[in-house]
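Residue numbers run from 1 in the order of the sequence given.
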Amino acid sequence: MKKKALWLLAVLLLIAVTFFALRPGTIELDEVLSARIYSVDNLTFAEEGSVSMEGKWTKGLSSVQFTGKIAFSQPDIVPEDAENARLIFRDNVCTPVFSTNEGMVLPSMIHSFILDREGKGLIAVLYSEYEEKNNAGTARFNREHFYFICVGDIDRDKAIELIYSHI
């Protein structure tokens, strides 16, 4: 009888440890991060900037997500009137959704975001061609010519490797 009780206690303890280890965790962000914008086909182009992120960063069992506000120091990357950003990463990639407080979805120059698997940062991949008229955007992505923004400690070469493995 004692063996059964010990086994039951061990199983319950294992379930409790697993539950606490795998449960989603949320972090409140209010940070300005360094960023660098690069061109995939022009090795000499590099421009310094920053990204402001304010909101909630949540790590779950099958996804990572950010909800809040994102602003880039480079103009026009995110629409001026975008009050909300929602990023839901699956396999470390997401398509961002920017919206107003009233819920109107706004177009942006951002094709996708990619998370570095090592936790060093984030990559914003920009459309090759982008035009906006009356809150509607037309965009085209060319794998040979586009810009991207490294946020955090990701270098250009690592970013290009990650981008081509996900797009």
Side-chain angles (χ1 to χ4, degrees), residues 17-99 105-130 132 137 139-167:
V17 167
T18 303
F19 173 76
F20 286 110
L22 297 178
R23 73 180 177 161
T26 299
I27 300 169
E28 290 286 335
L29 285 181
D30 188 4
E31 297 186 30
V32 176
L33 306 165
S34 66
R36 289 140 336 271
I37 186 167
Y38 297 104
S39 170
V40 75
D41 59 340
N42 180 351
L43 297 175
T44 62
F45 181 83
E47 185 178 305
E48 293 294 321
S50 63
V51 177
S52 169
M53 295 181 77
E54 180 181 344
K56 293 182 180 183
W57 189 265
T58 304
K59 290 186 178 186
L61 294 176
S62 62
S63 69
V64 174
Q65 72 178 30
F66 172 82
T67 54
K69 185 167 174 110
I70 299 176
F72 288 82
S73 60
Q74 292 85 355
D76 301 327
I77 292 176
V78 173
E80 267 182 43
D81 46 352
E83 294 295 325
N84 303 301
R86 184 168 179 93
L87 312 177
I88 301 174
F89 293 90
R90 301 243 190 269
D91 295 324
N92 296 324
V93 179
C94 81
T95 301
V97 176
F98 296 99
S99 63
V105 175
L106 302 169
S108 79
M109 291 180 67
I110 301 173
H111 173 274
S112 56
F113 280 104
I114 301 171
L115 282 174
D116 176 34
R117 289 182 187 104
E118 298 168 1
K120 291 182 178 180
L122 179 70
I123 305 160
V125 181
L126 306 180
Y127 283 106
S128 305
E129 295 176 21
Y130 178 80
E132 185 179 334
R140 188 173 75 80
F141 185 79
N142 178 335
R143 289 178 53 94
E144 306 302 320
H145 177 72
F146 62 92
Y147 291 91
F148 59 96
I149 301 172
C150 294
V151 180
D153 292 330
I154 300 176
D155 65 30
R156 181 185 190 281
D157 294 333
K158 176 69 173 178
I160 290 173
E161 178 186 320
L162 285 170
I163 292 166
Y164 281 123
S165 70
H166 285 90
I167 59 168

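For the pair Arg36 (side chain) and Ile154 (backbone), a donor-acceptor distance under 3.5 Å is present.
Interatomic distance, Asn142 CG to Glu129 CD, rounded to the nearest 0.5 Å: 7.5 Å. Summarising the geometry, atom CZ belonging to Arg143 is positioned 11.0 Å from atom OG belonging to Ser128; distances are rounded to the nearest 0.5 Å. Expressed to the nearest 0.5 Å, how far CD1 of Ile77 lies from OH of Tyr147 amounts to 11.5 Å. Annotation: the span from Leu162 atom CG to Ile114 atom CD1 amounts to 6.5 Å, rounded to 0.5 Å. Of the inter-residue distances, the one linking Asp30 atom CG with Met53 atom CE reads 11.0 Å to the nearest 0.5 angstrom. Atoms CZ and OG, from Phe72 and Ser52 in turn, are 10.0 Å apart once rounded to the nearest 0.5 Å.
Nearest approach of Asn42 to Arg156, heavy atoms of both residues: O-NH2, 4.0 Å. Pro96 and Ser112 make their closest contact through CD-CA, 4.1 Å (heavy atoms, listed as atom of the first residue, atom of the second, distance). The shortest heavy-atom contact between Phe148 and Val125 is CB-CA, 4.2 Å. Counting all heavy atoms, side chain and backbone alike, Pro107 lies closest to Pro79 at O-CG, 2.8 Å. The minimum heavy-atom distance between Ala82 and Val78, with the atom names listed, is CB-CG1, 3.8 Å.
The side-chain contact (heavy atoms from CB on, under 4.5 Å) test applied to Glu47 returns Ile37, Phe45, Gln74, not counting sequence neighbours.
Around CG of Asp41, the count of heavy atoms belonging to other residues, nucleotides or ligands within 6.0 Å exceeds 12.
In this pair, Phe141 and Phe146 present their aromatic rings tilted. The plane angle is within the 30 to 60° band. Ring geometry for Tyr130 versus Tyr127: interplanar angle under 30°, hence parallel rather than tilted (30 to 60°).
The side chain to side chain contact (heavy atoms under 4.5 Å, CB included) test with Val51 is passed by exactly one of Val151, Leu122, Val32: Val151.
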Show me, pair by pair, the donor-acceptor contacts under 3.5 angstrom made by side chains of residues 84-93, not counting sequence neighbours?
{"from": "Asn84", "atom 1": "ND2", "to": "Thr100", "atom 2": "O", "distance (Å)": "3.2"}
{"from": "Asn84", "atom 1": "ND2", "to": "Asn101", "atom 2": "OD1", "distance (Å)": "3.4"}
{"from": "Arg90", "atom 1": "NH1", "to": "Ser63", "atom 2": "OG", "distance (Å)": "3.3"}

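Proximity of Lys120 to Lys158: side-chain heavy atoms (C-beta onward) are nowhere separated by under 4.5 Å.
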Test side chain to side chain contact (heavy atoms under 4.5 Å, CB included) on Leu126 and Ile110 and set out the steps. CA-CA 4 Å; Leu126 306 180; Ile110 301 173; 3.9 Å; yes
